[in-house]
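Beneath this line is the structure, given in C-alpha cells, with notes to follow.
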Amino acid sequence: MNSGTFKAIFEHAKEWTLEAGRQLRETLQDQIVVEYKTSAADLVTEKDKAIEQFFVERINEFYPKHFILGEEGIASGQEFQPEKETVWIIDPIDGTTNFVHQKKDFSISIGIFVKGTPMIGIIYDPIQDECFYAQKGEGAYHNGKKLPLLSETTVEESVLGINALWLTSNEIFDHARFQSLVRHARAVRSVGSAALELAYVACGRFDGSVSLRLSPWDYAGGVAILEEVGAKVTTIDNQPLSISAKRTTVFAASPKLHQEIMENFLLSSDIPKYSLKV
Ligand code: 2AM
Ligand code: CA
Ligand code: CA
Ligand code: CA
C-alpha cells in the first residue's frame, strides 16, 4: 500500500470516527435500549450495533477488499486471517457500561492493521471531544497536538490503570501480584474504557495500564497510538500481542517502567511484600 492511499484511509477513518462520535453525543438524551450479552455485567445497546453498522457500510463502500473485525460481529461471515490482511478492528463503544450509567468516559476505538502490524489508531471520546490518533511512522496526536515520547518514571511515582476486578481471585493471574503492585504504585485508577486507558498512557495521564482479558477491538486503536510515543505493549508474560487471539492480557507502559513492573511484580519469583497503614 503506498503512502497516498494510506493517508486517504486515515482521513476517512478519522472523519467517520468523529461523525460516529457526534451521533453518539446527540443520542445520549434518548432512551437507550440495553440488552445483556453473557451476564448483567456485559451490556450492549442498539447504539453499539448502529455505530458498528455505520463503519461497516462505509468500509464496504470505499474499501471493499478490507476486512472488518468488530465487537458486535456485524460483518461476520467473512473468512479471513487477520495476520495476512488489511483489517479494520472496531469497538463501536468501548465502555458501554459507562455509556449507559454515566453517560461519559466511553470511546470509539478504531485500529487498522496491515498483515498484523498496527498502522492506524484512532480513539475518540465524544463527550470530552478528545481524539487521540496515530499513523505508523508519523507520530501520535491528541486533538491536533503532537504527543511527545513517553518520559520514564518509577513504580513509586506511577499512576496505573487497573480494573478492580483483577484484584479479586481469578483464574487468569495470581491476584496477589496485582495487590502488591497496587500497594507500591502512587495511585491506581479504573476508567471503565480499556481504549481510553491506553490513550491516557499515550498522553502521559497514566504511566501504565494492565488488563487481563481484552479482545482485539479493545486494544487495537491503543497499540497503534502507543507505539508512536515509544511505549512498550505486551501481554503480562512479556510476549508480543497477536490480533488473532480472541482474548489476551495487555500491559502497556514506558519501556523502563514496563521492565521494572515485569521483573518485580508480574514475572517475579519474589513478589515485594506490602502492608496497609491507616
Ligand atoms: P466494552 O465496554 O466494549 O465491552 C471495562 O469494562 C472494559 O473492559 C471496557 O473496555 C470493556 O469493553 C472491556 N470488556 C471486555 N470484555 C468485557 C466483558 N465481557 N464485560 C464487560 N466489559 C468487558
Ligand atoms: Ca462489550
Ligand atoms: Ca471494548
Ligand atoms: Ca464495545
Side-chain angles (χ1 to χ4, degrees), residues 17 20-21 24 27-28 32-56 68-76 87-111 113 118 121-128 130 132 160-168 170-173 178 188-202 205-206 208-226 233 235-236 241 243 245-252:
T17 305
L24 277 184
T27 57
L28 266 189
I32 298 169
V33 179
V34 182
E35 288 170 35
Y36 296 170
K37 287 171 96 176
T38 55
S39 73
D42 187 6
L43 307 180
V44 63
T45 74
E46 82 264 45
K47 306 298 178 204
D48 298 70
K49 296 174 195 168
I51 296 297
E52 190 164 311
Q53 178 76 39
F54 167 87
F55 279 101
V56 169
I68 301 167
L69 192 58
E71 180 179 7
E72 308 311 337
I74 304 285
S76 63
V87 52
W88 293 58
I89 308 179
I90 300 172
D91 198 335
I93 304 180
D94 184 58
T96 300
T97 307
N98 286 352
F99 175 68
V100 170
H101 284 265
Q102 299 174 239
K103 304 198 183 299
K104 65 195 263 294
D105 293 332
F106 57 89
S107 58
I108 297 167
S109 174
I110 305 293
F113 280 53
I122 302 171
I123 297 172
Y124 183 47
D125 171 346
I127 303 305
Q128 296 296 329
E130 286 194 307
F132 303 88
L160 304 176
I162 300 182
N163 186 324
L165 187 63
W166 306 127
L167 301 176
T168 64
N170 67 81
E171 289 172 2
I172 306 174
F173 194 68
F178 278 143
V188 169
R189 301 285 180 259
S190 191
V191 176
S193 159
L196 272 187
E197 229 171 71
L198 295 176
Y200 291 171
V201 174
R205 287 178 198 166
F206 283 15
S209 163
V210 199
S211 299
L212 290 191
R213 193 186 56 205
L214 295 187
S215 299
W217 40 82
D218 297 311
Y219 67 80
V223 167
I225 298 168
L226 282 162
V233 193
T235 68
I236 57 166
L241 296 178
I243 51 165
K246 272 199 154 146
R247 296 224 187 276
T248 180
T249 61
V250 175
F251 172 38

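When a ligand or atom number is given, it counts from 1 through the structure's own listing order.
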Q. At what distance is the nearest protein heavy atom to atom 8 (O) of ligand 1, and which residue and atom is it?
A. Leu214 CD2, 4.6 Å

Q: Mind telling me whether Phe106 and Phe99 have parallel, tilted or perpendicular rings, with 30° and 60° as the class edges?
A: perpendicular

Q.
With no hydrogens and no angle check, just 3.5 Å: does a side-chain donor-acceptor pair link Ser193 and Asp94?
A. yes

Q) Got an N/O contact under 3.5 Å between Asp91 and ligand 1? A) yes

**Q.** Glu71, N/O/S atom nearest the Ca ion (ligand 2)
**A.** OE2

Q) What's the OD2-the Ca ion (ligand 3)-OD1 angle here (Asp91, Asp218), rounded to 10 degrees? A) 110°

Q | Location of contacts on Lys37 toward ligand 1, heavy atoms closer than 4.0 Å | A | neither

Q. Is any N, O or S atom of Asp42 under 3.0 Å away from the Ca ion (ligand 2)?
A. no

(Q) Quick one about Thr96 and Asp48 (side-chain donor to acceptor, distance below 3.5 Å, no hydrogens or angles considered), yes or no? (A) yes

Q: Taking only heavy atoms of Asp94 into account, list the atoms of ligand 1 that are under 4.0 Å away from them.
A: 1 (P), 2 (O), 3 (O), 9 (C), 10 (O), 11 (C), 12 (O)

**Q.** Close approach of Ile93 to ligand 1, heavy atoms, under 4.0 angstrom
**A.** yes

(Q) From the N, O or S atoms in Asp94, identify the one nearest to the Ca ion (ligand 3). (A) OD1

